Amino acid sequence: MENRMSKKRKAEASANVVKIGNKTISLEGYLSKKPRKETPAPAVKENPDADLTPDDTAPTLGLDGKNLEDAAADLAVRKPPGAPEFFQTRQGLPLWSYQDEIRRILRQNDVLVLVGETGSGKSTQVPQFLYQEGWCQRRRVKIEEGGRTEEVSVGGVIAITQPRRVAATTLAHRVAREAGTPLVSVEKGGGDKPKYDTSKGLVGYSVRFDHRVPRGTRIKFVTEGMLLQELLRDPHLRQYSAIVVDEIHERSVDVDLLSGFLKQIVTGDKAGRAGIPLKVVIMSATANVESIKTFFSDSEAQKTRPVSGQQTSPSPVQFLQIEGRQFPVEITHTPKPVPDIQEALLKTIFKIHTGEPLQDKYGRNDILAFFTGQEDIEAAQRLIEEYAATLGPKVPKIKVLPLFGQLSMEAQHEAFQPIKASFTRKVVLATNIAETSVTVPGVRYVIDCGKAKVKKYRPRLGMESLLAKPISQSSAIQRAGRAGREGPGKCFRLYTEETYDELPKTDLPEILRTDVLGAILTMKARGIEDVLSFPLMDRPEVESVEKALLHLHILGALADDGSITDMGRKMVLFPVTAPYARVLLAAADPKYDCLLEVIDIISCITAGDDIFLQIKSEELKEEVEANRKELSRREGDLLTYLTAMQLYVAETSDRAQWCKARKINIRNMKQALNIRKQIRGLCVKQKMMEQPAPDPRPFAPTSPDKAATILKSFLKGFALKTAMLAPDSSYVTSHGKHVVAIHPSSVLHGQKKEAIMFLEHVYTQKNYAKKVSAIQAAWIAEALEG
DNA sequence: GAGCACTGC
């Protein structure tokens, strides 16, 4: 609330401006409550491909009876190199016949855009085709930097980026086996000695919490975020001869930023690499790559390319398209728009079930239906089960399996298993999770409702919305493709062909749907002064960028002239969003001195979805709620998370049972412990605290005074996410004056407090505040003071 | 009284 903001702050606000490039923005405008019209923007989830299924993780030793030296000897005499038992499979991949062409293109060019559909083998084969190329060798060179000459190594390694950790690690394991230097899992091997010398190898990976980079690694699978972090240390990516950007069609914020930095390296002055080019292979599973090709081709910098010993000047971006290995999928649209999608979905399921065979020569004929969310899935499940009970003895039975992210691991796993009962058809009711993240085996019929829930950030309102929106054509194609993985399939679209034609070709990339706060800070920390001119495939609206710059200024990450501050540099070292990083820095301040507590809370929050699972059945409800009583704190959700973490750590006998009794997501809790360890380590390294005492530590409840201090440190990052209780018992936000309701998942739901702070603000059916704490109004002004 | 999907030295 502006009238509660301190006078000092107001005075500063009117005086302070942020400069971006040649633009000047005043803080006054940011803090004004002038209403603005929201522009509606349709958007949808991204898209496809995964050249592997989760089952691929199974570790195998391979190369029976051989050791690393033998494999190395093979390598020298054989062409292609690698473990012989994989030759046949690899040679059968569509990509195999393109290997000479791929090598030829990259000998002559720096950038290749490669379109390869699901199953083409691009993720596993491309790095193996390239690592023995002449340009891919490591070289000792002299580089002039700051007036002095330095001898450094450039090149030698190929990095392949993946949007997800599992993809990076499973691909690395598979390629390592194919290359004949498997990454034997020491942990999983139990007491057995690994068969191979795992300290050496051609293939490695590096993802958060998990790094396996053997000596001699030439092919390294990394997450996009990991490479962005490496860029912080090494802006020229000197370790690498090539970067293979996989799954670019998913268009994560990280891949967009990475593309910008790669474009700068490829087209810019390569003095930092002693003139040695960095090769870039962009890989997409969808053919819609025009904008990507244009992005990497058109460059002003290309004209001023240095001539320091470079033989070839780069030609335009090369392009190669490889067919996938999909079975044909017959697509049916509805002749007319359906009035009730839920009803149409059910009718289509029954029609397929009664009219189509249960099995054929390709295998099982299961059904996968795409829904928008959990609520629809659960409603449909009840109706299908009711219907299934009425089926005659000659009709196959139906087994309904829901599949969405909030389900437990075991429940999700059930959807991947073949049905054990005979004469039964599996019907999987899934959210978008089945479009990209997981592959359900056995599916031959897909039903596509044409919608998906999409999260979109509304910069003008400073909040997010999560609503069902029409999907894109490429998303619809991806959904249909799920029917053709194991045999010819059928896809039933519950919308007309005209509707399909009018859908956007691709989904809105994440950078246009999300708060660009993090992206801007990432750029600033990597030396981008004028963020508006940084090369991006899709540019966020200038207003969104300005909002983010101002927010970063308020957080203290940017100085008045828009340059990054020491605090900003510290903030980017933490694997949390900028506001959380600000809270960590505040908590380390002697004035607050509550860093350990704040780390515990932030670890719980950033571990994924809520650590508290929802309680479904009525009978369990009372029991679980009774068990949760000891965790619950009247100060709100943050102190409740802290108590949960402290009790979890103090629990030494059976943590799994402890979680089960309270319906706490143990997977997220374990992840929270990982994050806690990582953040603690970073804080020690930054001299923000001493090495903390090891676990377990006995539980002692946090005192009300300490709780207040913790909440005050959170306000340092979230002062704008506060609301006051109005006379009509609603909460009105101090920034924007919106009415918000406390989300039912909060321990403060239904309670009236003088003022609240909330870490998340999402519009679904209502304007909801999530992760809520009770605060005093006076604390808000205090937090904004300095 | 309610929850698309991912992710970070």
Side-chain angles (χ1 to χ4, degrees), chain A residues 43-48 50 161-168 206-211 213 222-234 247 250-255 257-258 370-378 403-407 412 430-438 449 451-456 464-469 471 475 507 510 513-514 518-519 521-522 525 571-578 580-581 606-610 612-616 621 665 671 674-675 678-679 681-682 685-686 741-746 748-750 760 762 764-766 768-770:
Chain A
V44 170
K45 186 49 199 157
E46 64 272 87
N47 197 356
T161 70
Q162 294 293 327
R164 283 170 288 281
R165 293 197 294 151
V166 269
S206 188
V207 301
R208 190 184 189 185
F209 311 127
D210 196 3
H211 310 270
V213 186
V222 294
T223 47
E224 293 156 355
M226 188 64 69
L227 198 61
L228 274 179
Q229 286 304 120
E230 283 190 22
L231 218 41
L232 212 50
R233 281 195 306 265
D234 177 11
E247 315 277 19
E250 293 198 16
R251 294 297 304 277
S252 64
V253 172
D254 282 357
V255 94
L257 292 174
L258 205 50
F370 283 98
F371 287 72
T372 58
Q374 180 180 346
E375 200 181 339
D376 288 355
I377 288 174
E378 283 168 349
L403 180 60
F404 47 86
Q406 273 289 94
L407 278 176
Q412 284 191 37
T431 61
N432 242 3
I433 194 171
E435 194 183 303
T436 42
S437 310
V438 296
C449 70
K451 292 188 171 196
K453 279 192 189 167
V454 179
K455 209 173 230 181
K456 183 157 190 325
E464 291 176 309
S465 60
L466 178 63
L467 300 166
K469 299 274 182 184
I471 59 170
S475 194
D507 300 301
E510 194 187 5
R513 291 188 288 111
T514 182
L521 188 58
T522 299
M571 283 163 67
V572 295
L573 296 173
F574 292 97
V576 295
T577 58
Y580 286 122
T606 59
D609 301 307
D610 206 326
F612 295 106
L613 292 162
Q614 49 182 333
I615 313 158
K616 262 198 230 152
K621 206 162 193 162
N665 186 331
Q671 170 80 345
N674 273 332
I675 296 169
Q678 185 189 19
I679 297 178
L682 288 165
K685 207 166 145 192
Q686 293 303 308
I742 296 178
H743 193 270
S745 65
S746 170
L748 292 185
H749 176 67
E760 287 167 20
V762 187
T764 48
Q765 300 187 16
K766 266 194 214 170
Y768 279 116
K770 299 173 90 173

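None of these values were measured; they are calculated from a predicted model. Labels below follow one simple rule: chain letters A, B, ... track the order of the sequence lines, proteins then strands, and each chain is numbered from 1.
- Residues A/Glu435 and A/Ser475 bring a donor and an acceptor atom of their side chains to less than 3.5 Å of each other.
- In the set B/dC4, B/dG3, B/dT7, B/dG3 carries the atom at the smallest distance from any side-chain atom of A/Gln406.
- In this structure, A/Leu232 reaches the bases: a heavy-atom distance under 4.0 Å links it to at least one base atom across the strands shown.
- Ion pairing of A/Glu224 with A/Arg164 is absent here, as no side-chain N (NZ or NE/NH1/NH2) approaches a carboxylate O to less than 4.0 Å.
- Within the 4.0 angstrom heavy-atom criterion, no nucleotide atom of any strand lies near A/Thr606.
- Within the nucleic acid shown, A/Glu230 has no heavy atom closer than 4.0 Å to any nucleic acid atom.
- The OH atom of A/Tyr580 sits 17 Å away from the P atom of B/dT7 (whole-angstrom rounding).
- Residue A/Thr431 places at least one side-chain N or O closer than 4.0 Å to OP1 or OP2 of B/dA5.
- When the side-chain nitrogen and oxygen atoms of A/Thr764 are compared with OP1 and OP2 of B/dG3, one or more of them lie within a distance under 4.0 Å.
- Between B/dC9 and A/Arg233, no contact under 4.0 Å exists linking OP1 or OP2 to a side-chain N or O.
- Distance, A/Lys469 NZ to B/dA5 P: 18 Å, rounded to whole Å.
- Rounded to whole Å, the distance from NZ on A/Lys455 to C1' on B/dC6 is 11 Å.
- Mapping A/Lys621 and A/Gln671 onto DNA chain B by nearest heavy atom places A/Lys621 closer to the 5' end of the strand.
- Rounding to whole angstrom units, CD1 of residue A/Ile377 and C1' of B/dG3 are separated by 12 Å.
- Distances from the side chain of A/Gln678 to the nucleotides B/dC9, B/dG3, B/dG1 place B/dC9 closest.
- More than 12 heavy atoms of other residues, nucleotides or ligands lie within 6.0 Å of CD in A/Glu378, so this atom counts as buried by the packing criterion.
- Across all strands, A/Val576 comes closer than 4.0 Å to base atoms (heavy-atom distances).
- A straight line from CG of A/Asp609 to P of B/dA5 spans 7 Å, rounded to a whole angstrom.
- Closest approach to the A/Glu375 side chain among B/dC9, B/dG1, B/dG3 is made by B/dG3 (side chain taken as heavy atoms from C-beta onward).
- Distance check, rounded to the nearest 0.5 Å: CD of A/Gln406 to CD1 of A/Ile433 gives 10.0 Å.
- In this structure, A/Gln374 does not reach the B/dA2 phosphate: none of its side-chain N or O atoms is under 4.0 Å from OP1 or OP2.
- Across all strands shown, A/Ile433 has heavy atoms under 4.0 Å from sugar-phosphate atoms exclusively, and none from any base.
- Between the NZ atom of A/Lys770 and the P atom of B/dG3 there is a distance of 7 Å, given to the nearest Å.
- Distances were taken from every side-chain heavy atom of A/Pro744 (C-beta onward) to each of B/dT7, B/dC9, B/dA2; the shortest belongs to B/dA2.
- Evaluation of the side chain to side chain donor-acceptor pair (under 3.5 Å) rule for A/Gln412 yields no partner, not counting sequence neighbours.
- At whole-Å resolution of the value, CD in A/Glu247 and C1' in B/dT7 are 14 Å apart.
- Looking only at atom types and distance, the side chain of A/Thr431 has no donor-acceptor partner in the side chain of A/Gln374 under 3.5 Å away.
- Rounding to whole angstrom units, CD1 of residue A/Ile742 and P of B/dA2 are separated by 14 Å.
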